[in-house]
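Below, chains carry the letters A, B, ... as their sequence lines are ordered, and counting in each starts from 1.
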Amino acid sequence: MSYPFKKIEKKWQKVWAKNNYKIWHAKDFKGKKIYILDMFPYPSGDGLHVGHVLGYTGTDILSRYYRMKGYNVLHPMGWDAFGLPAENYAIKMKKNPMTFVPKNIKRYKMQMNMIGLSYDWQREINTTDPEYYKWTQWMFLKMFEKGLVYEKLAPINFCPSCKTGLANEEVIGGRCERCGSKTETKYLNQWHIKITAYADRLLEDLEELNWPENVKEMQRNWIGKSEGYEIDFKIVGYDYKITIFTTRLDTIFGVTFLVLAPEHPLCLKIAKEDYYFNVENYIENALKKPERERKTEEEVTGVFTGSYAIHPLTGEKVPIWISDYVLFTYGTGAIMGVPGHDSRDYDFAKKFSLKIIPVIGPEKGKEPENLPYEEYGYLINSFDYNDLDSKTAIQKIGEELEKRGIAKKAIYYKLRDWIFSRQRYWGEPIPLVRCPKCGIVPLSEKDLPLKLPKVKNYEPTGTGESPLKNISKWVKTKCPKCKGPAERETHTMPQWAGSCWYYLRYIDPKNKKQFADKKKLKYWLPVDIYVGGVEHAVLHLLYARFWHKFLYDLGLVPTKEPFMKLVNQGLILGPDHEKMSKSRGNVIIPDDIVKKYGADTLRMYEMFMGPFEDVKPWDTQGILGIHRFLNKIWIISKKIKKDKIKKEKDNEILTEINKLIKKVSEDIENFKFNTAISSMMEFVNFISDKKVSIETWMKFVKLLFPFAPHLAQEIWSMFGNKKLLDYEKWPEYEEKYIKEKHIKLIIQIDGKKRDEIEIEETALDFDKIKNLVLNRERIKKFIKDKKIDKIIFAQNKIINIVTKS
RNA sequence: GCCGAGGUGGCGGAAUUGGAAGACGCGCAGGAUUCAGAGUCCUGUGGUUUAAAGCCGUGUGGGUUCGAAUCCCACCCUCGGCACCA
């Protein structure tokens, strides 16, 4: 029979709901703070899944722990309700998101209470609340004001299923991040935000963050900074010059051709008569396919222009080609071909029988086989620069070319500006007006929020226009400047807009005058611990850092970075070790588990499964182990109540409980919840045949509380404690009980364990121990007539007798 | 191809400042309780044809060391990310 978890959980959830404003409400400016943040969910309609439970339980354990440690804990929750997930779901269910989303939120909140999460609900926020998105729009206007927002007709990624343009970050392997459809390229007039202006700082400031290395690396790669040189090549018979970008100036003597991207404006201008037709043809063909689709093609293609450039150092003529393996959107849209040391250039040269000159080789006098050939080798076939190492050569050649005005240092990034327009209904309206007289005019602050109108038909049109375009009542407006007739911008903001600053609003959620009070921001920022999925590594986490830096530059937030420590919870797979999905039928629903075993079992099992950050499969049997453990605790509690031993007299138990306090505290702080639970189990196994005092057991119950709050609270009150456990102090361990009086010494012979011996700590003397050990029968038997070479005595733990062979 | 993380029983995983490999849990086997089952409790559980002892064992092969899952070198495999970024 299970312990009455249903009754217990219901009972305490009621008490907590009633007292929420007291127990979990973070008061401003009160002592030492800690800000523990979850990535807030999209209330999509499927409800909380076990992945949410994993992350949210982790932060709940931390919050409960730090509250008991005496910290002022800010642990809020809210709803990222704008955007595609909610909208797509609403379309599928044929319900307006405006009426549908609040219902979902209610359900999510109910589920969160069902698993006993200790959020400060007084700080709840919702990105679709006009009082919230008023400030999202306000911040957008600040960016507009500072010249970070611009409109551009550009080829963008378009999702044919979601019927909207997407940012580069939202395209994962050529597919829509949300629905998995292959994206297409469309030319649309879109608002862009100049995130590239922050590229360097976004890169540099990563250093000071306590984030998982892989996430930092993903951001570094995404920003993709390359330092090199721009070099001008003169063209024979023309006044034009071709500028290329390279990071490998040391290979310049290996240049045997130049390649232009098909979009390059010089292509047709320098094509010779005999080649013109071919060139025109090639370009036309190439441009039909957007860059993204060209990449996947295996075969190298290209066409010769008939023109030649002059090598700036050798004066030799090198042919100028056109090929779509050169991207117009990166660097200068033109490259120097070094087939000796670049695999793509090599493939190209092979295909079109172009010259290949190796210019990097082994160090002079060294055998070629024992050195790394690529990267930084030594120059060969490079005239005055021969035998220099690559690094030095880049410097020297750079200096020389700069002196002659042919080259200059340049830095390029992979990062592109943030495409900010969405052709969808369910987002923050962009607060701009198009006036035939004044052009683009921003709304004034007092006109915010610009509310999203209620509509009947909100489905995406697919024409590149937003559904808002059809609501002429809303679209037609007056120009804020000249008061003449004008039209509103009808595209909406991307889903990421609201999540860029929500952690700031929690700090002062009801402020009507500012997005948050400065003093409060100063007190609570930065976020100390941020927990969420790794899928946001170059989406939300990059945008939010940028947004935060922008606010920092305006003096509106006190820190350069928003999130100091980041932890990614690992994915939970289905029992079949596959990713959970409806189509596979391997989805575990938290509600079912709660019904069957209770919330405490669910919480604790998810923490016990394995390391918090690892991918791990759900084990339908494994959860029984945790449920049995909680049952055992319940039964032992009843026994202890009957026994009525007040003070702890058993020294062994004192040692164990003190060790446990130390272990659990350290493990919680390090997100090692699985080993914390293991050691609690070991403790319970240890005391199960002993009589434990109430004093000791109450300490244990406090340790259990962050993990299984309902059961712990019930046991706590069962022993007549009136105050809620939330207000109790976390137990402290006493060093004197932990110190071992006896030392178990392992005896090894030639590194293999042969025996062990227990020694008083005070009797640790090498000679004495040596005698003791060598006289033991068992040891004598092993040594027999072997000669002892030496004896190693290590760390009061091991004695190793080494024999001569 | 490049970057990052990782390979430990039948399974999830412990131990990583070099010092008893396999904690804890699941599963499995045997026993107790029971008319029976469920549940609970006890015992065992890396391999080595049976007990003790021994021997072998942390992806593979080498190395350093009194001693290696842990450090070094080479290789194999798995997972995650990026991918014509010059």
Side-chain angles (χ1 to χ4, degrees), chain A residues 1-2 172-174 212-218 220-222 224-226 228 244-248 251 259 261 291-292 294-298 300 323-327 329-338 341-345 347-348 412-416 534-535 537-538 568 570-571 573 575 577 605 608-611 613-626 628-629 631-632 635 672 674-685 688 744-756 781-782 789-803:
Chain A
M1 259 259 292
S2 288
I172 315 281
E213 195 44 48
N214 63 324
V215 175
K216 285 200 201 179
E217 196 60 23
M218 276 160 85
R220 279 187 207 114
N221 290 340
W222 191 260
K225 182 180 183 176
S226 293
I244 62 98
F245 172 68
T246 183
T247 55
R248 292 297 302 275
T251 62
V259 189
E291 262 181 16
R292 216 160 268 283
R294 283 184 225 156
K295 291 180 205 173
T296 51
E297 273 165 43
E298 309 238 318
V300 213
S323 172
D324 63 10
Y325 85 89
V326 175
L327 301 175
T329 50
Y330 182 80
T332 59
I335 60 146
M336 60 182 206
V338 185
H341 302 283
D342 181 285
S343 62
R344 296 153 302 177
D345 295 347
D347 292 343
F348 193 76
Y412 281 94
Y413 298 91
K414 285 204 270 184
L415 185 71
R416 297 293 137 77
V534 71
E535 67 272 15
V538 287
N568 296 126
L571 195 68
L573 305 173
H577 289 58
Y605 173 63
F608 183 65
M609 289 170 81
E613 286 154 278
D614 283 11
V615 179
K616 46 208 173 276
W618 186 273
D619 182 357
T620 317
Q621 289 294 319
I623 194 165
L624 282 171
I626 289 289
R628 284 176 196 147
F629 176 58
N631 257 322
K632 209 167 167 183
I635 289 160
K672 289 168 78 176
N674 57 330
T675 50
I677 294 170
S678 299
S679 27
M680 284 192 249
M681 288 171 166
E682 281 179 273
F683 177 79
V684 170
N685 288 344
S688 61
K744 221 182 231 179
L745 201 61
I746 306 301
I747 306 168
Q748 297 183 330
I749 296 171
D750 294 324
K752 282 192 179 118
K753 186 199 166 189
R754 296 301 184 194
D755 203 358
E756 60 181 56
K781 218 164 74 188
F782 271 106
D789 188 28
K790 56 181 163 180
I791 296 176
I792 285 151
F793 186 44
Q795 294 169 22
N796 295 350
K797 259 184 180 174
I798 275 193
I799 186 157
N800 191 10
I801 302 163
V802 185
T803 64

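For G25(B), the base adopts the anti conformation, since its glycosidic angle falls more than 90 degrees from zero.
The listed nucleotides are C26(B), G25(B), G13(B); the one nearest the side chain of Met681(A) is G25(B). Distances from the side chain of Ile792(A) to the nucleotides C66(B), A86(B), G12(B) place C66(B) closest. Minimum atom distance to the side chain of Glu682(A) is reached by C24(B), of the listed C24(B), A86(B), G19(B). For His577(A), whose side chain is taken as the heavy atoms from C-beta onward, the closest listed nucleotide among A14(B), G12(B), A86(B) is G12(B).
Checking Met609(A) against Ser678(A), the closest nucleotide of RNA chain B that is more toward the 5' end is the one next to Met609(A). Toward the 5' end of RNA chain B, the nearer of the two residues Val615(A) and Asn221(A), judged by each one's closest nucleotide, is Asn221(A).
Scanning for ring-ring contact (aromatic ring centres under 6.0 Å, His included) contacts around Phe683(A) gives Phe700(A), with sequence neighbours left out. Listed by chain and residue number, Phe245(A) satisfy the ring-ring contact (aromatic ring centres under 6.0 Å, His included) test with Tyr412(A) (two or more places apart in sequence, or in another chain). Partners of Trp618(A) according to the ring-ring contact (aromatic ring centres under 6.0 Å, His included) rule, which considers only residues two or more places apart in sequence or in another chain, are Tyr605(A). Listed by chain and residue number, Pro212(A), Val534(A) satisfy the side chain to side chain contact (heavy atoms under 4.5 Å, CB included) test with Asn214(A) (two or more places apart in sequence, or in another chain).
Here G39(B) presents its C1' atom at 15 Å from NZ of Lys632(A), a figure rounded to the nearest Å. One can place CD1 of Ile747(A) at 14 Å from P of A20(B), the figure rounded to the nearest angstrom. Following rounding to the nearest Å, Arg220(A) (CZ) and C2(B) (P) show an atom-to-atom distance of 20 Å. Atom OH in Tyr413(A) sits about 13 Å away from atom P in A86(B), given to the nearest Å. In this structure, NZ of Lys414(A) is placed 10 Å from C1' of C3(B), rounded to the nearest angstrom. Between Ile623(A) atom CD1 and G25(B) atom P there is a gap of 16 Å when expressed in whole angstrom units. Look at NZ on Lys225(A): it is 20 Å from P on C3(B), rounded to the nearest Å. Between Leu624(A) atom CG and C28(B) atom C1' the separation is 15 Å, expressed in whole Å.
Asp619(A) comes within contact range of the sugar-phosphate backbone alone, with a heavy-atom separation under 4.0 Å but no base atom that close. Within the nucleic acid shown, Lys216(A) has no heavy atom closer than 4.0 Å to any nucleic acid atom. Here Asp614(A) lies out of heavy-atom contact (under 4.0 Å) with every strand. Val259(A) comes within 4.0 angstrom of no nucleic acid atom, judged by non-hydrogen atoms across all strands. Looking at heavy-atom distances under 4.0 Å, Gly622(A) makes contact with sugar-phosphate atoms alone, never a base.
Between Tyr412(A) and A86(B) there is no side-chain polar atom (N or O) within less than 4.0 angstrom of OP1 or OP2. Within the 4.0 Å cut-off from OP1 or OP2 of A23(B), not a single side-chain nitrogen or oxygen of Asn685(A) is found. Residue Asn674(A) places at least one side-chain N or O closer than 4.0 Å to OP1 or OP2 of A14(B). Taking 4.0 angstrom as the limit, Arg248(A) places none of its side-chain polar atoms (N or O) nearer than this to OP1 or OP2 of A86(B).
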- Message: The test is side-chain contact (heavy atoms from CB on, under 4.5 Å); show your working for Thr246(A) and Val338(A) and say whether it passes.
- Response: CA-CA 10 Å; Thr246(A) 183; Val338(A) 185; over 6 Å; no
- Item | Residue pair Ile626(A), Met609(A): steps toward the side-chain contact (heavy atoms from CB on, under 4.5 Å) verdict | CA-CA 10 Å; Ile626(A) 289 289; Met609(A) 289 170 81; over 6 Å; no
- Message: Between Glu535(A) and Asn568(A), is the side-chain contact (heavy atoms from CB on, under 4.5 Å) condition met? List the steps.
- Response: CA-CA 9 Å; Glu535(A) 67 272 15; Asn568(A) 296 126; over 6 Å; no
- Check step by step if side-chain contact (heavy atoms from CB on, under 4.5 Å) holds for Leu624(A) and Gln621(A). CA-CA 6 Å; Leu624(A) 282 171; Gln621(A) 289 294 319; 3.5 Å; yes
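A donor-acceptor contact under 3.5 Å is formed by the side chain of Gln748(A) with the base of G19(B).
Summarising the geometry, atom NE2 belonging to His341(A) is positioned 7.0 Å from atom OG1 belonging to Thr251(A); distances are rounded to the nearest 0.5 Å.
Using atom C1' as the reference point in both C76(B) and C28(B), the two lie 33 Å apart (nearest Å). Here the separation of U58(B) from A15(B), taken at their C1' atoms, is 11 Å to the nearest Å. For the P atoms, the distance linking U78(B) with G30(B) amounts to 39 Å, nearest Å. When the C1' atom is compared between A23(B) and A32(B), the two are found 27 Å apart, to the nearest whole Å. If you take atom P in U45(B) and the same atom in G22(B), they sit 11 Å apart, rounded to whole Å. Here the separation of G12(B) from G61(B), taken at their C1' atoms, is 30 Å to the nearest Å. With both ends at atom P, the span from G57(B) to G39(B) equals 40 Å, rounded to whole Å. For G46(B) and G31(B), the C1' atoms lie 24 Å apart once the distance is rounded to whole Å.
Using modelled atom types, one finds no donor on one side chain facing an acceptor on the other under 3.5 Å when comparing Lys414(A) with Asn221(A).
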Which atoms of nucleotides 5-8 of chain B (N or O only) lie under 3.5 Å from a protein N or O atom, and what are those distances?
none

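Scanning RNA chain B for stems, defined as runs of 3 or more consecutive Watson-Crick or G-U wobble pairs whose donor-acceptor distances all fall under 3.5 Å, gives the following ranges: B:1-7 with B:76-82, B:10-12 with B:24-26, B:27-33 with B:39-45, B:46-48 with B:54-56, B:59-63 with B:71-75.
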